[in-house]
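Note on naming: letters A, B, ... go to the chains in the order of the sequence lines (proteins, then strands), and numbering restarts at 1 for each one.
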Number of protein chains: 2
Amino acid sequence: MTDVNVSPPSRLAEGDSGQPARSAGAAASPPLVDIIELFFFAYRNFVSDPDEILARFGFGRAHHRVLHFVNRHPGMRVTDLLDILRITKQSLGRVLRELVDQGFIDSRAGSSDRRQRLLYVTPKGEALARDFVALQSARIERALAECGGPEALGNARRFLVSMIDPEDRGPIEKFITRADRAAEELRRLAPGPRSGG
Amino acid sequence: MTDVNVSPPSRLAEGDSGQPARSAGAAASPPLVDIIELFFFAYRNFVSDPDEILARFGFGRAHHRVLHFVNRHPGMRVTDLLDILRITKQSLGRVLRELVDQGFIDSRAGSSDRRQRLLYVTPKGEALARDFVALQSARIERALAECGGPEALGNARRFLVSMIDPEDRGPIEKFITRADRAAEELRRLAPGPRSGG
DNA sequence: ACATTTACGTCAGTCATGTTGACTTTTTTC
DNA sequence: GAAAAAAGTCAACATGACTGACGTAAATGT
């Protein structure tokens with residue numbers, strides 16, 4: 001099973017087509033431990049991309065997450081955000097209040113149900129959210145380009161989806177497609193005032 | 001499900017021919033934002049796998065990281081660990097002390113340089129570290145199996161490596177290969193009672 | 001030999017972000 | 001009109017990061 005070459009230094013750079021060694025419970029270390037570690041290091045770089053910008057506003061990574069998801073889903077309720085982030089409303093409350101106070105997020109009462117607070121990014125908030133997406137997208141683009149073929153994007157997406165708990169995938173994919181569709185809609189209706197400013 | 005191409009599939013194909021929209025604030029969202037979000041959700045699931053076990057010992061994720069890396073690199077110095085984890089020695093100190101006090105990690109003075117504290121997992125610590133690796137490996141194996149072909153592992157590895165800052169890759173790859181080689185060595189010398197096939 | 005540097009540890013304080021639990025207000029729903 | 005839901009708030013606490021200062025032992029350089 002572990003006849004996957006461990007020694008050649010090029011192991012990481014080259015994809016290797018060795019077999020994954022189906023022995024889930026016990027041993028099976030060698031070929032998968034590196035994925036565990038690469039995932040750790042990659043994610044650490046990934047989330048630290050926005051740090052410098054965040055620091056300029058006195059924000060942390062929690063602010064980034066909140067801003068990102070509100071930007072992706074304008075008009076979302078506080079409860080929706082809690083479901084996505086899986087934190088308590090007390091934790092969210094602090095961060096959200098700062099974002100609202102500093103004019104990055106706007107919170108309006110729902111029209112059909114006035115108990116709800118619907119969350120929107122302000123233009124200022126949208127600009128910041130776009131900066132973050134641009135930063136992280138640049139890293140992903142570079143990575144995909146390094147991977148070569150045009151199938152790299154699909155491969156990465158498939159892998160990441162498969163890494164998610166099956167029971168979480170439905171909601172997450174629904175969330176993503178809905179947000180993408182809404183963004184596309186917006187782009188069609190109001191083309192192009194962006195990127196100029 | 002995996003072809004969440006909600007928008008014109010052109011973006012990535014054009015990625016190289018067109019300009020990569022490098023300047024912050026340019027357009028270019030649709031196909032990459034989903035990767036950003038999938039990375040977030042996937043990593044969250046990934047790191048929460050060991051939580052239940054950790055809680056049984058009153059440990060947190062910091063303990064997991066320390067134990068993992070010490071297990072991977074027996075005899076590593078405290079400074080090495082600090083370099084890898086990129087935290088301060090004060091932060092590491094607390095966690096490390098708890099792991100030593102509870103008998104998961106052993107800290108011996110170096111023989112050639114007696115200022116050094118060389119870190120080793122105890123049998124108890126090794127068992128725990130192996131549990132964590134088994135848990136996370138199971139998720140990765142399942143994901144790779146879902147991705148289909150035998151090239152899925154290589155694809156994932158390439159993608160993750162490419163997501164890492166280029167200047168970090170050398171040290172990280174060196175670390176991983178060295179650890180793999182040492183582990184292989186150990187397996188050859190002392191074929192444990194544990195390792196299945 | 002002595003000064004410097006290195007490796008490690010520790011005290012003291014702070015910050016960011018998470019947690020529980022209890023409670024209120026407003027509004028919708030049954 | 002009672003119950004439930006959405007949101008907000010207060011208080012207390014845990015974790016894991018941070019800075020800065022200081023101490024001690026051992027290696028190293030001149």
Quiz item: Once you round it to whole Å, what is the distance between C1' of D/dT9 and CZ of A/R97?
Solution: 9 Å
Exercise. Provide, to the nearest angstrom, the distance between the CD1 atom belonging to B/I105 and the P atom belonging to C/dC8.
Key: 14 Å
Practice problem: Establish whether the base of D/dA5 is bridged to the side chain of A/R115 by a donor-acceptor pair shorter than 3.5 Å. | Solution: yes
Quiz item: Which class fits the ring pair A/F59 and A/H63: parallel under 30°, tilted 30 to 60°, perpendicular over 60°?
Solution: parallel
Practice problem: Could you tell me the separation between the CG atom of A/L92 and the P atom of C/dT17, rounded to a whole number of Å? | Solution: 12 Å
Quiz item: Do A/H73 and A/F175 have ring centroids that are under 6.0 Å from one another?
Solution: yes
Determine all donor-acceptor pairs shorter than 3.5 Å in which one atom belongs to a side chain in residues 88-95 of chain B; sequence neighbours excluded.
from: B/T88; atom 1: OG1; to: B/S91; atom 2: N; distance (Å): 3.4
from: B/T88; atom 1: OG1; to: B/S91; atom 2: OG; distance (Å): 3.2

Quiz item: Which listed nucleotide (C/dT17, D/dA17, C/dG21) is nearest to the side chain of B/R94?
Solution: D/dA17
Exercise. Under 4.0 Å between any heavy atoms, over every strand shown, what does B/G60 touch: base, sugar-phosphate, or nothing? Just pick one.
Key: sugar-phosphate
Practice problem: Write down the distance between CZ (B/R77) and C1' (D/dA26), rounded to a whole number of angstrom. | Solution: 14 Å
Quiz item: Over how many whole Å does the gap from A/H64 atom NE2 to C/dT17 atom P extend?
Solution: 12 Å
Exercise. Rounded off to whole Å, could you give me the CG-to-P distance for the B/L96 and D/dA17 pair?
Key: 13 Å
Quiz item: Roughly, in whole Å, what's the span from CG in A/L99 to P in C/dT17?
Solution: 10 Å
Quiz item: Start at the 5' end of DNA chain C and walk down; is the nucleotide closest to B/R117 or to A/A62 reached first?
Solution: B/R117
Exercise. Starting from P on C/dG18, measure out to CZ on A/R61 and report it in whole angstrom.
Key: 11 Å
Quiz item: Considering heavy-atom distances to DNA chain C, does A/D113 or A/K89 have its closest nucleotide positioned more toward the 5' end?
Solution: A/K89
Quiz item: Does A/R114 put a side-chain nitrogen or oxygen below 4.0 Å from OP1 or OP2 of C/dT28?
Solution: no
Quiz item: Can a donor-acceptor pair under 3.5 Å be found between the side-chain atoms of B/Q90 and the base atoms of D/dG16?
Solution: no
Practice problem: Look at the side-chain N and O atoms of A/T88 and state whether any lies under 4.0 Å from the OP1 or OP2 oxygen of C/dG18. | Solution: no
Self-check item: Ring-face cation contact, B/F46 with B/R139, 6.0 Å cut, 45° max
Solution: no
Quiz prompt | Under-4.0 Å side-chain N/O to phosphate OP1/OP2 contact, A/H63 with C/dT17 | solution = yes
Quiz item: Within 45 degrees of the axis of the six-membered ring of A/F40 and under 6.0 Å from its centre: does B/R65 put its NZ or CZ there?
Solution: no
Self-check item: Among D/dA26, D/dA17, C/dT27, the one nearest B/I87 by side-chain distance
Solution: D/dA17
Quiz item: Would you say a side-chain N or O of A/S91 is under 4.0 Å from OP1 or OP2 of C/dT19?
Solution: yes
Quiz prompt | From D/dG16, C/dG9, D/dA26, nucleotide with atom closest to B/V78 side chain | solution = C/dG9
